[in-house]
Amino acid sequence: MRVWKYGDDINTDMLFPGKYTYTCATAEEIKPHLLEDLDPRFATEVQPGDIILAGKNFGCGSSREQPALGLRAVGVAAVVAKSFSRIFYRAAINQGLLLVECPQAVDAYAEGDGATLDPAAGTITVGAKTFTFPKLPERILAIRDAGGLLPYTLARLKEQREFA
Amino acid sequence: MPMTFAEKVLAQKAGLDSVVPGQIVTVRPDHVLMHDNASAIFGKVADALGTYGIANREMPVIILDHVIPAASEKDAAGHKKIRQAVERFSLPHFFDIGRGICHQVMMEERFVRPGQLILGSDSHTCTYGALGAFATGIDRTEAAALLLTGETWLKVPNTFRIVLRRALKPPVSAKDLVLSLIGKLGADGADYRAVEFHGSVGTLSMDDRMTIANMGVEMGAKIFVFPVDHSTREWLSSRGFGPDAYEPVWADVAATYEREITFDLAEIVPVVAMPHKVDKVKPVTEVAGLPIQQALLGTCTNGRLADLRIAADLLKGKKVAPGVRLLALPASREVLQEAIASGVVSTLIEAGAVVLPPGCGPCLGAHQGALAPGERCISTANRNFKGRMGCKEAEIVLASPATVAASAITGVITDPREVG
Ligand code: SF4
C-alpha cells in the first residue's frame, strides 16, 4: 500500500488528458493515461489499495469521468483531499470510488508516512495520527455499496419490473 | 419560508414545499444534454436500453460538436454509433455536426427556459443560468442512468449572492468581469455553491450573461444564475417564446445566503488569466509585451456575434502580426451566418484569420489548432489548464475578445485600450 501525495487544484486534464477523452472510454483504455501529465510514474506503479492524498479542489475542470473510472479500476482505495470539485465528487460516487474530505489528514502527512482507511468507521490514520470524517448520506452510500450508479440503477429497474 | 433561486427550483422539481441546503432531492430534469460523448453514454447501457428502453425520449438532446468533422476513424465511428442510437430509439432532438457548440445550440434551439432544470454531460452546461435556468454538469454514467430512469438526485446547494454595482467601461467586457471575479474568489471559490447575480444586471447583455455563466464551473459553482429581466424576455421572444411560455423563478428578498459579495463593474480593467490556472488573473498591463504565436477567438465562452464583432472592429483594415495564427471559431451556424451577412467574417478573413467550422475546434486539444511545445496562445476560451490545447509544454492565456484581437494585431499581449 502506497500513498501518492499531490497538491491543490489537481484538475481533470492532469488526471486524464483531454486529448484522449473521445478515444478512451473503457478502463483498459484509460489506465495507461491516468495522471499522465501530473505524475508519469503513477500509471505503471499504482497498486490496488493505494491511497491518493491531495490538497483542495481535487478534480476541478471538465465533467469527464475517466479519472474517477480509471482510479477505481486500478484499485485506488480512496482519494483523501482537503476538498473536491463537485462534478468530480459526483462522478466518483457514480463510479463507486471512495472520496474522503479530511483536510487535517492531508496536513498531517509527512513524506514516507503510511495511511490506512476504515470507511465503515469513518476513520483515516496517517502516520501515527487517526482522524474521523463525516458519514456520507444514505442515498450516496447505497450507490457506492452497489458498486456505482449503473449497477444501482439496474438493480432498481429490475426490482420495479419484478414487482410491477 | 423564504428561499433562494436554487432552493425554489429544486423544491418545485422535487414536488416539495420547501428544501434546505444539504438536503438530497430526487428530480426529473427537463432536458439532458449530450455531445460526442453520447457514444460512450449509450455504450454503457446498451443492453439495459434493449430491456428497459428510454425513460423519456423528449429528455435527451444530442449535439455533435466536440471533434467535428471527425478527425480520425475512431471519432467517425463514435459519431456513427450516435446516429445509429438516435435512429434506433427514434430520439427527436439530435443535431449533427455543423449546427454549433452544444451550449449555444441548446439555447438557440429552444431547449432552455427560465426556471427549468437542465443537466448536461458537459461541465459548461452552467451557461444556461444566463436565461434564469438551473443548469449544471454531470458525468457520462449519470447521463446513462438518466436515459434509463429519467430521474436523478441533487444536493441542494448553499447560495452566494453577488451584487453588481454600476456598469462596465468598454472595451472592458463580461469576460474581464468573470475573470476578475474568479481571480478574487479563486478557482474553488464557489465549490458546490449556487451563485446568484443581483444589482446592475440590466447593464449586461444576454451575450454578456452567457459568457459569465459559462465560466461558473471554473469557480467550482454548481450554477451561476441571472434574474429574468427585460433583456431576457426580449431574447426569449426573439426565439419565439412569449411571456406565457415560461414562469421566471427568482430568490425571495429574505432568502438566506451563505455569503454576499459586492462587485463594482466600473472598477474592472482588462485582465488575463495566466497559465496554467484560471485564477491567476492579472491586469493586461502587467503582462503586456509577452509574445504569442496563436490567438483563439470564439468557443462557447466568447463565440457569439457580439464577440466576433468586437474583434472585427479592432482588426478592420489591419493584419494579424507575422508569426501569429488567428483562429476564429463561431459558436454556431446561426452565429456564422450572421457574421457572414454583417461582413464580420470577411473583415476577419481579410485580416488573416482562419475561420473554423462552428464547434469546439482547438478548445479541448483534440484536433485543429493544437499547440507546439514552447508556444503561447491567447484565447477567449474558459480553460487554460496545462495540456488543454493538446500540448503540456505550451501556455494558454485567457482573455476577452478585444484583448485577443489586439494581441493578434501586435503579436504580443496587448491592452485593447492601446489599439484603436
Ligand atoms: S467550446 Fe470548449 S469549453 Fe465549450 S463545450 Fe466545446 S470544448 Fe467545452
Side-chain angles (χ1 to χ4, degrees), chain A residues 8-14 16-26 29 36-38 55-69 82-96 137-140 142-143 148-154 156-158 160-161, chain B residues 22 24 26 36-37 39-40 43-45 48 51-52 66-67 71-72 74-75 78 120-125 136-142 144-145 148-149 152-153 155 157 186-188 191-193 217-218 220-222 276-279 364-367 370 383 385-392:
Chain A
D8 291 339
D9 298 307
I10 302 298
N11 64 55
T12 46
D13 278 82
M14 293 158 135
F16 185 80
K19 60 188 170 199
Y20 305 125
T21 39
Y22 299 98
T23 47
C24 300
T26 65
E29 288 168 333
E36 189 170 283
D37 289 348
L38 174 67
K56 64 185 176 70
N57 206 21
F58 187 88
C60 58
S62 145
S63 68
R64 77 185 61 136
E65 67 185 17
Q66 286 93 333
L69 202 159
K82 292 189 180 174
S83 68
F84 293 94
S85 114
R86 71 157 280 277
I87 301 183
F88 179 79
Y89 190 80
R90 216 175 160 87
I93 293 166
N94 291 342
Q95 297 306 329
E138 294 287 325
R139 173 92 179 243
I140 291 171
I143 294 173
L149 182 65
L150 286 182
Y152 171 84
T153 302
L154 292 176
R156 278 181 54 226
L157 283 170
K158 197 156 167 249
Q160 281 166 12
R161 180 158 285 199
Chain B
I24 289 188
T26 301
D36 303 34
N37 60 16
S39 137
K44 279 174 191 293
V45 284
T51 314
Y52 303 105
H66 267 53
V67 186
S72 68
K74 209 156 180 184
D75 302 322
S121 61
D122 187 281
S123 59
H124 295 105
T125 300
T136 193
I138 53 171
D139 58 76
R140 296 173 180 183
T141 296
E142 185 140 6
L148 289 166
T149 63
T152 190
W153 60 274
K155 191 159 127 183
D188 61 346
D191 259 0
Y192 310 116
R193 303 324 192 276
V217 65
E218 308 308 330
K222 190 165 199 156
H276 301 280
K277 280 177 64 185
V278 69
D279 56 4
L364 76 160
H367 71 149
R383 285 205 176 121
F385 297 162
K386 206 177 202 167
R388 173 78 180 177
M389 289 176 75
C391 171
K392 63 179 172 182

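Labels below follow one simple rule: chain letters A, B, ... track the order of the sequence lines, proteins then strands, and each chain is numbered from 1.
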Point to revise | Main-chain N/O of D37(A) paired to K392(B) side chain as donor or acceptor, under 3.5 Å | key: no
Study note, to complete from the structure: Minimal heavy-atom distance between T23(A) and K74(B), with the atoms involved, is O-NZ, 2.7 Å
Exercise for review: Could you tell me whether K386(B) atom NZ has more than 12 heavy atoms of other residues or ligands within 6.0 Å of it?
Suggested key: no
Check your understanding: Is the shortest distance from a Lys or Arg side-chain nitrogen in K277(B) or D9(A) to a carboxylate oxygen in the other one below 4.0 Å?
Key -> yes
Practice item. Please report the closest heavy-atom contact between L150(A) and A145(B), naming both atoms and the distance. Key: CD2-N, 4.0 Å
Review point. Any side-chain heavy atom of I140(A) within less than 4.5 Å of one from I24(B)?
Key: yes
Exercise for review: Please examine the side chains of W153(B) and I93(A), heavy atoms only from C-beta on, and report whether any two atoms are closer than 4.5 Å.
Suggested key: yes
Practice item. With N94(A) as reference, evaluate T141(B), D139(B), T152(B) under the side-chain hydrogen bond (donor to acceptor under 3.5 Å, both in side chains) test and give the passing residue. Key: D139(B)
Check your understanding: Does the side chain of H276(B) reach to within under 4.5 Å of the side chain of M14(A), using non-hydrogen atoms?
Key -> no
Review point. Minimum heavy-atom separation for E142(B) to L149(A), with atom names?
Key: CA-CD2, 3.6 Å
Study note, to complete from the structure: Nearest heavy-atom approach of Y192(B) to F84(A) is OH-O, 2.9 Å
**Study point:** salt bridge (Lys or Arg N to Asp or Glu O under 4.0 Å) partners of K155(B), counting only residues at least two apart
**Key:** none
Exercise for review: To the nearest 0.5 angstrom, please state how far the CZ atom of F385(B) sits from the CG atom of N11(A).
Suggested key: 4.0 Å
**Study point:** Options V278(B), V217(B), T125(B), T136(B), ranked by heavy-atom pairs under 4.5 Å with chain A, top entry
**Key:** T136(B)
Review point. Which of the residues T51(B), V45(B), D279(B) is involved in the greatest number of heavy-atom pairs with chain A at under 4.5 angstrom?
Key: T51(B)
Study note, to complete from the structure: In terms of heavy-atom pairs under 4.5 Å with chain B, the winner among C60(A), P17(A), G61(A) is G61(A)
Check your understanding: So how far is it from C391(B) SG to K19(A) NZ, rounded to the nearest 0.5 Å?
Key -> 7.5 Å
Review point. Do the non-hydrogen side-chain atoms of E65(A) and S121(B) ever get within less than 4.5 Å of each other?
Key: no
Check your understanding: Top residue by heavy-atom pair count (under 4.5 Å) with chain A, among E218(B), R388(B), H124(B)?
Key -> R388(B)
Review point. Taking atom types as modelled and ignoring hydrogens, do the side chains of T26(B) and R139(A) form a donor-acceptor contact shorter than 3.5 angstrom?
Key: yes
Point to revise | Close side-chain approach of N57(A) and D191(B), heavy atoms under 4.5 Å | key: yes
Review point. Which atoms of S39(B) come close to chain A, meaning under 4.5 Å heavy atom to heavy atom: side chain ones, backbone ones, both, or neither?
Key: neither
Review point. In terms of side-chain heavy atoms, does T149(B) have a donor or acceptor partner in R156(A) at a distance below 3.5 Å?
Key: no
Exercise for review: Would you mind reporting whether L69(A) and R140(B) have side-chain heavy atoms less than 4.5 Å apart?
Suggested key: no
**Study point:** Contact class of Q66(A) relative to chain B, heavy atoms under 4.5 angstrom
**Key:** side chain
Review point. What residue, out of G137(B), G365(B), A366(B), has the most heavy-atom pairs lying under 4.5 Å from chain A?
Key: G137(B)
Review point. Looking at A25(A) and A40(B), what are the two nearest heavy atoms and their distance?
Key: CB-CB, 4.3 Å
Practice item. Evaluate side chain to side chain contact (heavy atoms under 4.5 Å, CB included) for D36(B) paired with T21(A), printing each intermediate quantity in order. Key: CA-CA 10 Å; D36(B) 303 34; T21(A) 39; over 6 Å; no
Study note, to complete from the structure: Turns out that what part of S62(A) lies under 4.5 Å from chain B's heavy atoms comes down to both
Revision key, fill the gap. Heavy atoms of I87(A) and I138(B) approach each other most closely as CG2-C, 4.4 Å
Point to revise | Residue D75(B) versus chain A: region with a heavy atom under 4.5 Å | key: side chain
